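Structure record follows, encoded as structure tokens.
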Amino acid sequence: MRVAVFSTKPYTSQFLSAANKEFGHELAFFEPRLTEQTAALAGEFPVVCPFVHDVLNAAVLRLLQAGGVRLIALRCAGFNHVDLSATHQLGMTVMHVPAYSPYAVAEHTVGLMMALNRKLHRAYNRVRDGNFDLDGLLGFDMHGCTAGIVGTGKIGALVVRILHGFGMKILVHDPNQNPDVVALGAKYVPLSELYAESDVITLHCPLVPGTRHLIDAQALAQMKDGVMLVNTSRGALVDTQAVIDALKSAKLGFMALDVYEEEEGLFFENLSGQVLRDDVFARLLTFPNVIITAHQGFFTRTAMENIARTTLQNIRDFEEGRAITNVITLERVRPVAAAVKAP
Ligand code: NAI
């Protein structure tokens, strides 16, 4: 099929083109993000292939549909940026890549914990500057500490497995219990208990109305002083102003983010020659106990190969009218969206 690929980076075309040798779709790569202004680029294409920061609101979807687009083939797992009511009304199909390498995100999550704990980001700069002083680099043994994992799906369960290997006590919270993590000795508890008992808290649940600002001032107040918070899921799970206040008061002792609630237009771009206009983000960058990576949790060779292959297979399945497992329907999403912010 003819596919308009938006938000193309060199690595996008590299992996999609390599995988496409097996599929033979006609891929057109466009660098701009999909927006109302750029939607016209998809004219004459039955398929668009957007990424996480492309705009898929009702206005853009109407433009795409008018131009002949029938399939939105997301090359990512998350679909919180797609107006599914609009795609439903417009008769468009939305497909995604539900899993490509949960290991990639789980390993990055634990990497961030280790870097924060042992202050590797500071040590690296110090040693390169000829400063071999250890003062200020004191860490703690993860072994024996308590980890709180919110969301025990594919990624969260792997984080549980890795942290279990460190000898941590594991508390978990998820409306759907996963027997694999119970088998590892993890204990399902209410969020309030997870907050109160954990030394390290990491988020692996989706962004839905019930989880927006899950970590707000009220949640932070229930946590241990000096707790470590890691978010590699979706930025809006965390109320950024609330965590800034908690960092200032030392309630939060460490924080790592791979996602940020206002990351569109920021992450994935090289803005190094420009003035940073987001004052909230700029404030986050001033804390020595904060590490931010720009949504790179998924970014491993294995994951990129899997994303490319599944995206192209989805398009082939759609073309051939086969039973489609990776379709996102309103019916599939509603039960999750209804999940309320649990106590
Ligand atoms: P998954 O669907 O396998 O697991 C999500 C889990 O969250 C499910 O077990 C679900 O029951 C649970 N959940 C739903 N509502 C909850 C709530 N209110 N409280 C606690 N748990 C809740 O998803 P997967 O693959 O593990 O991904 C997790 C998140 O990671 C995704 O939602 C996505 O936002 C993020 N992600 C980040 C990437 C990155 O590059 N940083 C890449 C891929 C995913």
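Note that the coordinates shown come from a computational prediction; the quantities given were computed from them, not determined experimentally. Read the numbers this way: they start at 1 and go in the same order the structure lists the ligands and their atoms.
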Parallel, tilted or perpendicular: which one describes the rings of F23 and H25, with boundaries at 30° and 60°? parallel
Which of the atoms of ligand 1 are close to H173, meaning less than 4.0 Å from one of its heavy atoms? 19 (N), 20 (C), 21 (N)
Test side chain to side chain donor-acceptor pair (under 3.5 Å) applied to Y188 and T152, D174, N178, the passing residue: T152
Heavy-atom contact under 4.0 Å between S233 and ligand 1? yes
Please state whether the rings of F268 and H53 are parallel, tilted or perpendicular, taking 30° and 60° as the class boundaries. tilted
In this structure, does ligand 1 have an atom that sits under 4.0 Å from one of the heavy atoms of Y100? yes
Going by the order shown, which atoms of ligand 1 are within less than 4.0 Å of some heavy atom of C205? 7 (O), 13 (N), 16 (C), 20 (C), 21 (N), 22 (C), 32 (O)
Check whether the ring centres of F287 and F254 lie less than 6.0 Å apart, and answer yes or no. no
Is H295 touching ligand 1 with its side chain, its backbone, both, or neither, if touching means heavy atoms under 4.0 Å apart? side chain
Mark yes or no: R126 above the aromatic ring of Y124, with NZ or CZ under 6.0 Å from the six-membered ring centre and no more than 45 degrees from the axis. no
Contacting atoms of ligand 1, where contact means under 4.0 angstrom from a heavy atom of G151: 7 (O), 20 (C), 21 (N)
Under the side-chain contact (heavy atoms from CB on, under 4.5 Å) rule, collect the residues that match up with A28, sequence neighbours excluded. F30, F45
Can you list the ligand 1 atoms lying under 4.0 Å from a non-hydrogen atom of P175? 13 (N), 16 (C), 17 (C), 19 (N), 20 (C), 21 (N), 22 (C)
Short version for K154: what comes under 4.0 Å of ligand 1, heavy atoms counted, is both
F298, any N or O under 3.5 Å of ligand 1 N or O: yes
Any nitrogen or oxygen of Q296 lying under 3.5 Å from a nitrogen or oxygen in ligand 1? Just yes or no. no
For S233, side-chain contact (heavy atoms from CB on, under 4.5 Å) partners two or more places apart: H204, N231, L237
May I ask you to say whether D54 pairs ionically with R33, meaning some side-chain N is under 4.0 Å from a carboxylate O? no
For H204, the atoms of ligand 1 under 4.0 Å from one of its heavy atoms are 5 (C), 6 (C), 7 (O), 28 (C)
Under 4.0 Å from any heavy atom of V150, which atoms of ligand 1 are there? 20 (C)
N/O of I155 under 3.5 Å from N/O of ligand 1, yes or no? yes
Which ligand 1 atoms, with their elements, are less than 4.0 angstrom from a heavy-atom of N176? 11 (O)
Heavy-atom distances under 4.0 Å are what count here, so tell me which part of D258 touches ligand 1: side chain, backbone, both or neither. side chain
Using the ring of each side chain (for Trp, its six-membered ring), is F79 parallel, tilted or perpendicular to H96, with breaks at 30° and 60°? perpendicular
Do the side chains of K187 and E193 get close enough for a salt bridge, i.e. N-O under 4.0 angstrom? yes
Within less than 4.0 angstrom of ligand 1, does T232 place any heavy atom? yes
At a 4.0 Å threshold, what atoms of ligand 1 neighbour a non-hydrogen atom of T211? 17 (C), 18 (N)
Counting heavy atoms only, which part of A77 comes closer than 4.0 Å to ligand 1: side chain, backbone, both or neither? neither
Is it the case that N314 and N326 place a side-chain donor and acceptor less than 3.5 Å from each other? yes
